[in-house]
Amino acid sequence: MARSRSMTEFARKVYALVRRIPRGRVATYGSLASQIPPPGGVDPFGYERVRARWVGDAMAHCPEDVPWHRVVNSQGRISTRPGFNPALQRHLLQLEGVVFTEDGGVDLERFAWSPATRR
DNA sequence: GGCATGACAAAGG
DNA sequence: CCCTTTGCCATGC
């Protein structure tokens with residue numbers, strides 16, 4: 001049925017959004033999710049958290065040209081995944097001027113981006 | 001169709 | 001701040 005196609009659509013939107021994140025800025029899974037309407041149309045149970053998870057799923061298969069390193073979790077920290085060194089992501093962000101605090105996270109107040117945000 | 005797993009998030013200890 | 005649990009849903013075997 002169109003379910004898997006819907007998810008593909010969802011993933012496309014995720015990539016499109018992530019491509020819009022400017023250098024030196026980050027976006028959280030949840031904020032990205034909130035920008036994309038749920039596949040089914042309505043959002044009866046507050047699917048924001050759920051969709052945030054879908055964003056994570058989509059990012060797991062993202063195309064090469066997507067700046068995946070600019071996506072962090074709701075705490076401004078790098079989400080871990082098996083076989084991947086978070087130091088790389090942190091490094092890429094630092095090269096763009098993103099500052100990490102003592103506790104290893106990004107200050108979202110300063111670096112978080114959303115479509116509504118202006119550089 | 002059941003069961004485990006996951007680049008999430010919020011809440012509680 | 002770290003760790004665990006709970007909610008939710010797509011995916012793969």
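Not measured: the values here are computed from a predicted model. Proteins come first, then strands; the chains are lettered A, B, ... in the order of their sequence lines, and each starts at number 1.
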> Whole angstroms only, please: what is the CZ-C1' distance between Arg53(A) and dT5(B)?
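It works out to 8 Å between those atoms.
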> According to a strict under-4.0 Å criterion, is Ser79(A) in side-chain N/O contact with OP1 or OP2 of dC8(B)?
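Ser79(A) to dC8(B) OP1/OP2: side-chain N or O found under 4.0 Å.
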> Say you pick atom C1' in dA7(B) and the same atom in dC13(C); how far apart are they, in whole Å?
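So the two C1' atoms sit 22 Å from each other.
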> What is the base-pairing partner of dC8(C), counting Watson-Crick and G-U wobble geometry with both distances under 3.5 Å?
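Its partner: none found.
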> Does one side chain, of Ser34(A) or Ser31(A), offer a donor that lies under 3.5 Å from an acceptor on the other?
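Short answer, no.
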> With both distances under 3.5 angstrom, what nucleotide forms a Watson-Crick or G-U wobble pair with dG1(B)?
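dG1(B) is unpaired by these criteria.
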> How close or far is atom P of dG12(C) from atom CG of Asp57(A), stated in whole angstroms?
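Value for this atom pair: 10 Å.
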> Once you round it to whole Å, what is the distance between C1' of dT11(C) and CZ of Phe10(A)?
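Roughly 15 Å, once rounded to whole Å.
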> Hey, is the side chain of Arg77(A) poking within less than 4.0 Å of OP1 or OP2 on dC2(C), counting only N and O atoms?
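Checking Arg77(A) against dC2(C): at least one side-chain N or O falls below 4.0 Å of OP1 or OP2.
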> Measuring to OP1 and OP2 of dA10(B), would you say a side-chain N or O of Ser74(A) lies under 4.0 angstrom away?
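Yes.
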> Nearest whole angstrom, please: distance from the P of dC8(C) to the OH of Tyr29(A).
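Rounded to whole Å, this separation is 22 Å.
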> Tell me which one of Leu92(A), Val26(A), Val18(A) satisfies side chain to side chain contact (heavy atoms under 4.5 Å, CB included) with His69(A).
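The residue from Leu92(A), Val26(A), Val18(A) that satisfies side chain to side chain contact (heavy atoms under 4.5 Å, CB included) with His69(A) turns out to be Leu92(A).
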> Grab the CZ-C1' distance between Arg51(A) and dA10(B) for me, whole Å please.
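Roughly 16 Å, once rounded to whole Å.
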> Could you please spell out the steps behind the salt bridge (charged side-chain N to carboxylate O under 4.0 Å, His left out) verdict for Arg70(A) and Glu96(A)?
CA-CA 10 Å; Arg70(A) 297 182 186 143; Glu96(A) 301 184 345; 2.7 Å; yes
> Nearest to the side chain of Ala52(A), heavy atoms from C-beta on, is which of dA10(B), dA7(B), dC8(B)?
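Nearest listed nucleotide: dC8(B).
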> Taking the side chain as every heavy atom from C-beta outward, state whether Val106(A) and Arg77(A) have any atom pair closer than 4.5 Å.
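A side-chain contact under 4.5 Å is absent here.
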> What is the distance, to the nearest angstrom, from the CE atom on Met7(A) to the C1' atom on dC8(C)?
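Rounded to the whole Å, the gap is 12 Å.
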> Flag the pair Gln94(A) / Val98(A) as yes when at least one side-chain heavy-atom distance between them is below 4.5 Å, and no otherwise.
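SC-SC contact between Gln94(A) and Val98(A) ruled out.
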> On DNA chain B, nearest-nucleotide positions of Thr80(A) versus Gln75(A): which is more 5'?
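Of the two residues, Thr80(A) wins.
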> Rounded to whole angstroms, how far apart are CG on Asn73(A) and P on dC3(C)?
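Interatomic distance, CG of Asn73(A) to P of dC3(C): 14 Å.
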> Atom CH2 of Trp68(A) and atom C1' of dA7(B): how far apart are they, to the nearest Å?
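Whole-Å distance recorded here is 10 Å.
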> Of the nucleotides dC1(C), dA10(C), dA7(B), which one has an atom closest to the side chain of Trp54(A)?
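So the nucleotide nearest the side chain must be dA10(C).
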